[in-house]
Asks: 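I have a structure I would like to understand better, so I am pasting it below and will then ask my questions one at a time.
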Amino acid sequence: MVPLHWYLLLSSAVFVVGVAGFLTRRNIIIMFMSIELMLNAVNISLVSFSRYLSDMRGQVLVFFVIAVAAAEAAIGLAIIIALFRNKATAHVDEANEMKG
Amino acid sequence: MNGLAYPILSTLIFLPVLGAAVILFIGRNQERLTKWAALAVSIAVFVLSIPLFTDFNRMTPLMQFTESHAWIPSWNITYFLGVDGISVLFILLSTLITVLCVLISWNSIKTKVKEFYIAVLVMEGAMIGVFSALDFFLFYLFWEAMLIPMYLLIGVWGGPNRVYAAIKFFLYTLVGSVLMLVGIIVLYSYAGHTFNILELMTKTYPYRMQFWLFWAFFAAFAVKVPMFPVHTWLPDAHTEAPTAGSVILAAVLIKMGAYGFLRFSLPLFPDASKAMAVPMLTLSVIAIIYGAVVCLAQTDLKRLIAYSSVSHMGFVTLGIFALNIQGLEGGILQMINHGVVTGALFLSVGIIYDRTHSRQISDYGGLATVFPLYAAFFMVFTLASIGLPGLNGFVGEFLIILGGFTASKWAGVLAATGIIIGAAYMLWLYQRVFFLETNQKLVGLQAMELREVITLLPMIILVFWIGIYPDTFLSFMHPSVQNLLERLNTGGQEVTLAGKIAEIIK
Amino acid sequence: MDNYLLIPFLPLAAFFVNILFGKTLIRDKSHWVSLFAVVCSWVIAVMTLFEVIGGRTVNRDLYTWIVSGDFRVSVGFLIDQLTAVMLIVVTTVSSLVHIYSIGYMHGDKGYYRFFAYLSLFTFSMLMLVMANNFLQLYFGWEAVGLCSYFLIGFWYEKKSASDAGKKAFIVNRFGDFGFGLGVIMIFLTFGTLHYAPVFGSVNGIVGKTVDFLGLQVDLPTLIALLLFCGAVGKSAQLPLHVWLPDAMEGPTPVSALIHAATMVTAGVFLVARCNPIFVLSPPAMNVVALVGAVTALFAGTIALVQNDIKRIVAYSTVSQLGYMFLACGVGAFSAGIFHLYTHAFFKALLFLGAGSVMHAMAGELDIQKMGGLKKHMPLTYWTFLLASLSISGVPGFAGFFSKDEILWRAYASGPLGHLLYAIGALTALLTAFYSFRIIFVAFHGKFRGTHEQEHHLHESPKIMTVPLLILAAGALAAGWVGIPPLLGGGEHFAEFLAPVVGHAKGEGTHAEEWATMITAVILGLGGIAAAAFVYLRKSTLADTVAGRFSFIYRLLWNKYYVDELYDTIIVRPTFWVAKNVIVGVTDGKIIEGIVNGVPRFIGTLSSWLRNIQTGMVHQYAAVMALGAFVVIAIVLFW
């Protein structure tokens with residue numbers, strides 16, 4: 001039996017990779033993948049807690065997260081394509097229209 | 001429901017909105033159809049509003065044509081409509097003015113025609129709503145709803161500086177309204193969770209509360225009137241608005257401020273109103289003289305008429321805060337008069353603006369030679385505006401000055417000086433536009449169309465009617481004003497006629 | 001008398017017919033409509049007069065005009081002796097002016113408009129004199145002012161004409177300001193505006209005082225003086241006389257009808273009508289008398305040096321109106337009305353005569369450019385002469401009887417009366433002098449205009465001279481209804497009016513009466529003789545005198561600089577304040593400064609704050625991560 005804290009360490013490691021990726025990379029696709037990493041890190045911890053506490057609700061929540069992530073990926077990719085069409089780049093610093 | 005087979009007020013509010021919805025589905029290129037549809041709707045609404053005039057019981061101060069339905073029961077919000085002698089005339093004025101606005105815009109609106117008429121009709125519904133709502137929540141809803149079409153009318157179809165004017169108008173009024181909203185909520189929570197205006201009127205409020213609420217409501221109403229010193233949105237809005245916008249603004253919108261004082265401030269806060277009468281009279285007198293003097297320095301036709309509105313509305317507030325029967329009735333009548341006369345003046349300016357595209361007085365001169373009929377119309381409105389006896393302006397102004405003089409001799413005397421300056425600026429305007437050598441640019445312009453004559457004719461009739469036989473209109477007001485005064489004089493005491501009314505309606 | 005309603009409403013109907021159809025249908029026939037209406041009014045007015053003489057009066061309400069609380073006023077008609085006299089004056093002069101205008105205005109492009117306005121004026125004036133309450137009086141009062149505005153500015157393309165019309169209206173508004181407040185005071189005092197109850201209970205206010213703008217004022221005095229403000233404006237008395245000379249810009253028939261015979265006398269009518277209030281207040285009466293006397297003298301002096309024929313007659317009107325107020329002020333209301341009535345004839349005649357001259361001279365007004373007109377236009381000359389004799393108070397003519405009555409009543413009224421008499425008698429001298437100055441300068445001597453003008457000189461057509469002749473008959477004989485007992489008459493006029501205005505007070509011996517009369521006559525004849533001497537014999541004398549006293553001459557020539565004074569102290573400062581203070585500072589800087597300043601401040605604030613809104617996703621994310629770290633740290637380690 002793998003102890004719980006191993007899973008949690010894995011989860012936080014994946015999460016940190018995600019955060020670091022999101023903060024340092026400039027390509028939107030990569031940043032997107034970093035977000036997916038963070039979401040999955042959370043999923044790992046949810047599943048492991050669910051198993052540890054014998055409560056199925058954690059796993060149910062994971063399904064929701066996966067579904068939302070899928071939806072988000074669809075919309076996000078659409079936005080990226082729209083951006084690419086306008087700017088011919090996937091570089092995030094080019095997209096600063098929201099500058100006040 | 002006073003024997004009418006249908007809920008007349010709801011019909012009047014929602015028929016224009018419905019009409020607007022129908023126009024929404026007319027094709028964009030079918031402008032003629034759009035116009036005729038708008039005209040048909042506005043005329044239908046006007047015709048339907050006539051029973052308010054004929055079937056109104058002039059013997060009672062009670063609310064008439066009432067409709068009451070639960071709307072949001074959990075917050076005790078009802079859909080409660082009704083009219084009394086103070087409000088009924090304004091509804092009639094609104095329905096009439098809308099018809100004229102549709103007519104006057106026939107050829108002058110060339111872009112986004114469909115949207116224009118939709119805005120006008122929605123506006124009409126909201127205006128009628130304001131005058132007939134008897135539930136504070138509902139009232140506030142209409143009050144704010146009215147801003148949107150007006151904002152669009154100025155901002156989309158206005159003159160060169162329209163955006164500035166529209167935003168100024170919107171923000172100015174919104175700032176005032178928000179304070180009123182706070183006041184409404186305070187009332188709601190103090191008076192046992194009711195928005196029912198008639199019920200609120202039966203309660204007594206401590207003086208300190210009355211005082212603060214009076215000023216909160218004042219913020220909303222004074223901006224709308226507009227009273228000195230919060231009047232500066234009016235010249236901009238009037239000047240930049242399209243003709244129909246100016247007419248609605250002048251004839252109906254700015255009446256809502258004064259109406260608010262009559263409907264809410266006075267009966268809800270009688271003690272504060274009495275205590276604040278002197279500052280209010282002072283502000284009114286300042287507005288009368290200040291507005292009149294400013295007119296002497298104007299070079300823009302619409303701006304001049306706009307400032308004259310400040311002066312005339314000063315008379316109205318003077319009458320209201322004279323807090324006696326002549327002042328109040330004169331004030332109400334003067335609101336109608338001002339709506340008719342200033343509305344007509346803006347309609348007239350619109351007619352000539354369509355031809356010359358200039359608002360500068362110096363671009364005119366000698367119009368009486370070129371447009372004799374138009375000059376005659378304008379002369380009648382000018383004379384009505386300066387209060388010539390036999391025309392409508394006189395009756396209102398005389399009653400107001402009589403009331404004002406009774407309340408405070410200074411107020412009466414100073415207000416009367418406004419009439420001298422009024423004659424000066426209006427006659428000077430008339431001279432510069434219509435007399436003197438004919439400006440060559442004006443030669444050969446198209447004469448007045450039948451449509452334009454028809455637009456001005458109802459106003460002429462009203463000018464003479466109210467001037468010669470004002471009793472038709474004054475008789476609407478007597479019981480309601482009497483009742484209002486009773487409420488004022490018995491102060492906050494429980495037993496008032498308003499209390500009985502509320503019971504009867506329940 | 002039951003058809004008395006037709007008297008005002010026939011002209012009103014004529015107005016509507018002409019204004020609606022005149023331009024398209026009736027055109028150069030529009031005089032028929034107006035003339036028919038006014039002549040019918042005249043006929044009914046004459047019948048009414050006889051019924052009133054027979055002792056019948058009418059006081060009837062037509063309908064309730066305004067009701068508000070206890071304020072209630074009707075549209076109603078009062079026909080008593082005073083009204084009957086006014087009806088005759090108004091309809092007679094109006095009819096004659098209508099006839100005259102057919103010739104005078106012939107060919108004018110505003111022909112129909114002119115007759116429409118004349119009808120409207122006649123209606124308004126009749127409403128004014130027939131009112132049975134103060135508010136309707138006020139209606140007529142403003143309405144005649146409006147017609148005056150229309151008719152002065154009839155040739156509206158001329159700047160001077162439209163300026164003059166505007167000036168007349170606005171100056172009158174100053175007077176009406178007081179009048180309106182007077183009406184309000186009457187209502188607040190008596191609770192009604194109808195003559196009968198007000199005058200019936202008027203004695204109840206004797207000795208009462210009222211707080212008016214911080215002053216304790218005697219109530220009757222206050223009301224009387226406020227009402228008198230209106231009279232001062234309408235009747236062009238000091239200090240509101242400035243509009244009347246300018247009003248001569250209007251067509252001459254209008255000057256005759258409105259600015260000589262009828263409208264300007266409304267002030268006198270008002271004072272006479274309100275005599276029950278005025279007599280309660282000796283101070284107010286003295287003010288009325290003094291204003292009248294001073295105005296009479298003041299305007300008379302100005303008339304001495306003017307060259308514009310219509311302006312001379314206009315100042316003469318102001319002066320004669322002063323006489324009427326003088327009479328009212330000493331309590332001789334009937335004498336004031338008597339002078340009003342005779343003045344209507346000879347002054348209308350003077351104006352129409354002047355119009356006839358202008359007609360011949362192609363609009364020329366300067367008497368220095370006339371001369372010798374006598375042989376070219378004999379009818380005009382003889383009628384003009386007759387009117388001048390009448391106004392100069394030559395015995396036997398209408399003006400003599402009324403002026404004599406006024407001067408005698410003034411003298412008899414007491415110590416102040418002696419002073420008033422002196423001023424009045426001096427004015428009589430001036431009146432004769434300037435009236436005959438016109439005669440001698442314009443009608444005698446050699447023609448001094450251009451050749452072209454001389455070539456065109458002609459007598460006016462019959463349609464214009466017939467009214468002159470009728471008026472001349474009036475100027476001669478109208479006074480015979482009021483011959484004083486001293487000269488063997490019965491003072492019928494004063495007796496007739498006595499039920500309304502009472503009898504004049506004041507006693508005097510026959511010797512005094514003779515003395516005052518003879519003095520005045522001598523002064524009048526002296527004025528004529530002086531004018532004859534100066535302008536017929538020594539035509540250089542006038543210039544010499546003017547040169548010697550050039551300061552006084554310039555003062556008179558410039559009408560005492562009153563217009564300039566008003567321009568400096570009222571008109572300019574008002575415009576200056578409007579432009580530089582209100583638009584420039586309070587509205588432009590202060591209020592708009594705040595209104596635009598608040599959003600500008602918020603804008604500045606937000607433009608500073610928006611620097612942190614970089615649009616860089618990374619920075620947002622970094623801040624968010626940092627924030628999350630801080631929050632977690634706090635939760636874990638606090």
Side-chain angles (χ1 to χ4, degrees), chain B residues 168 171-172 229-233 235 290 293-298 324-326 329-330 366 368-369 372 376 383 386 388-390 394-395 398-399 401-403 405-406 409-410 412-413 416-417 419-421 423-424 427-428 430-431 434-438 468-471 474-475 477-478 481-482, chain C residues 19 23 63-71 75 113 135-136 138-143 145-146 149-150 153 156-159 161-163 165-166 169-170 173-174 176-177 180-181 183-185 187-188 211-214 574-575 577-580 582-584 586-587 590-592 594-596 599:
Chain B
K168 196 171 179 181
L171 289 183
Y172 237 121
V230 286
H231 62 275
T232 54
W233 63 269
Y290 188 98
V293 173
V294 184
C295 286
L296 291 171
Q298 297 307 317
N324 52 38
I325 189 156
Q326 284 90 14
E329 294 194 347
T369 313
L383 295 174
I386 63 182
L388 195 87
F394 172 72
V395 184
F398 181 79
L399 287 175
I401 293 178
L402 179 61
F405 196 81
T406 316
K409 292 207 171 60
W410 273 109
V413 171
T417 61
I419 293 183
I420 301 178
I421 315 176
L427 292 183
W428 192 39
Y430 196 86
Q431 181 192 25
F434 289 91
F435 292 162
L436 311 177
E437 298 277 333
T438 306
I468 293 169
Y469 195 72
D471 207 40
L474 283 171
S475 61
M477 304 166 195
H478 297 317
V481 171
Q482 201 66 50
Chain C
I19 205 78
K23 192 176 169 62
Y63 70 92
T64 306
W65 185 14
I66 305 175
V67 184
S68 177
D70 52 357
F71 178 81
V75 171
R113 206 158 48 88
L135 208 63
Q136 192 183 335
Y138 192 80
F139 163 80
W141 192 264
E142 292 280 303
L146 173 71
Y149 165 77
F150 282 152
Y156 55 82
E157 281 138 329
K158 261 170 74 187
K159 179 151 185 352
S162 59
D163 275 345
K166 189 179 66 181
F169 199 96
I170 294 167
R173 273 275 158 124
F174 278 91
D176 298 347
F177 165 73
L181 292 178
V183 171
I184 288 176
M185 276 309 294
F187 172 72
L188 294 182
D211 178 67
F212 187 73
L213 307 186
T574 313
F575 277 96
V577 167
K579 208 172 186 150
N580 296 319
I582 295 193
V583 175
T586 50
D587 242 34
I590 300 177
I591 298 178
E592 283 292 80
I594 295 170
V595 168
N596 290 326

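Chain identifiers are assigned alphabetically (A, B, ...) following the order of the sequence lines, protein sequences preceding nucleic acid strands; residue numbering begins at 1 within each chain.
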Asks: Let's test your reading of the structure: which of Glu592(C), Lys158(C), Lys159(C), Met185(C) forms the most heavy-atom pairs below 4.5 Å with chain B?
Replies: Glu592(C)
Asks: In terms of heavy-atom proximity below 4.5 Å to chain B, should Val583(C) be classed as side chain, backbone, both, or neither?
Replies: side chain
Asks: Any chance CD of Glu437(B) has more than 12 other-residue heavy atoms, nucleotides or ligands included, within less than 6.0 Å?
Replies: no
Asks: For the interface with chain B, which of Val75(C), Val595(C), Ile19(C) has the highest count of heavy-atom pairs at distances below 4.5 Å?
Replies: Val595(C)
Asks: Between Phe212(C) and chain B, which part of the residue has a heavy atom less than 4.5 Å away: side chain, backbone, both or neither?
Replies: both
Asks: What's the spacing between Ile386(B) CD1 and Tyr430(B) OH if we round to 0.5 Å?
Replies: 11.5 Å
Asks: Say you draw a straight line from CG of Asp163(C) to CD of Gln431(B); how long is it, rounded to the nearest 0.5 Å?
Replies: 4.5 Å
Asks: For the interface with chain C, which of Phe434(B), Tyr469(B), Trp428(B) has the highest count of heavy-atom pairs at distances below 4.5 Å?
Replies: Trp428(B)
Asks: By side chain to side chain donor-acceptor pair (under 3.5 Å), which residues pair with Ser475(B), not counting sequence neighbours?
Replies: Arg58(B)
Asks: What part of Leu399(B) gets within 4.5 angstrom of chain C, counting heavy atoms only: side chain, backbone, both, or neither?
Replies: side chain
Asks: Tell me, for Leu402(B) versus chain C, whether the close heavy atoms (under 4.5 Å) come from the side chain, the backbone, both or neither.
Replies: both
Asks: I'd like to verify something: which residue of Pro372(B), Ala423(B), Gly366(B), Gly412(B) has the highest number of heavy-atom pairs under 4.5 Å with chain C?
Replies: Ala423(B)
Asks: Highest number of heavy-atom pairs under 4.5 Å with chain C: which of Leu171(B), Thr438(B), Ile325(B)?
Replies: Ile325(B)
Asks: Just how far is it from atom CD1 of Ile590(C) to atom OG1 of Thr232(B), taken to the nearest 0.5 Å?
Replies: 12.0 Å
Asks: Go through the atoms of Thr586(C) and report whether side chain, backbone, both or neither lie under 4.5 Å from a heavy atom of chain B.
Replies: both
Asks: With a 4.5 Å cut-off on side-chain heavy atoms, are Tyr290(B) and Asp587(C) touching?
Replies: yes
Asks: Calculate, to the nearest 0.5 Å, the distance between atoms OG1 and CG belonging to Thr406(B) and Leu188(C) respectively.
Replies: 4.5 Å
Asks: With a 4.5 angstrom heavy-atom cut-off, is it the side chain or the backbone of Pro235(B) that approaches chain C, or both, or neither?
Replies: neither
Asks: Please look at Gln298(B) and chain C and tell me whether the side chain, the backbone, both or neither of the residue comes under 4.5 angstrom of a heavy atom of that chain.
Replies: side chain
Asks: Let me know if Phe575(C) has heavy atoms under 4.5 Å from chain B in its side chain, its backbone, both or neither.
Replies: side chain
Asks: Top residue by heavy-atom pair count (under 4.5 Å) with chain B, among Thr574(C), Leu146(C), Asn580(C)?
Replies: Leu146(C)
Asks: Determine the option with the most heavy-atom pairs under 4.5 angstrom with chain C, choosing from Ile421(B), Val481(B), Asn324(B), Ile420(B).
Replies: Ile420(B)
Asks: Nearest 0.5 Å, please: how far is CZ in Phe150(C) from OH in Tyr156(C)?
Replies: 12.5 Å
Asks: Search all heavy atoms of Tyr63(C) against all heavy atoms of Ile468(B) and return the closest pair with its distance.
Replies: OH-O, 2.6 Å
Asks: Does any heavy atom of chain B fall under 4.5 Å from the side chain of Val183(C), the backbone, both, or neither of them?
Replies: side chain
Asks: Who among Ser162(C), Gly69(C), Gly165(C), Gly140(C) has the most heavy-atom pairs with chain B under 4.5 Å?
Replies: Ser162(C)
Asks: May I ask you to check whether Phe71(C) and Phe398(B) place their ring centres under 6.0 Å from each other?
Replies: yes
Asks: For the NZ atom of Lys166(C) and the CZ atom of Phe435(B), what is their distance to the nearest 0.5 Å?
Replies: 10.5 Å
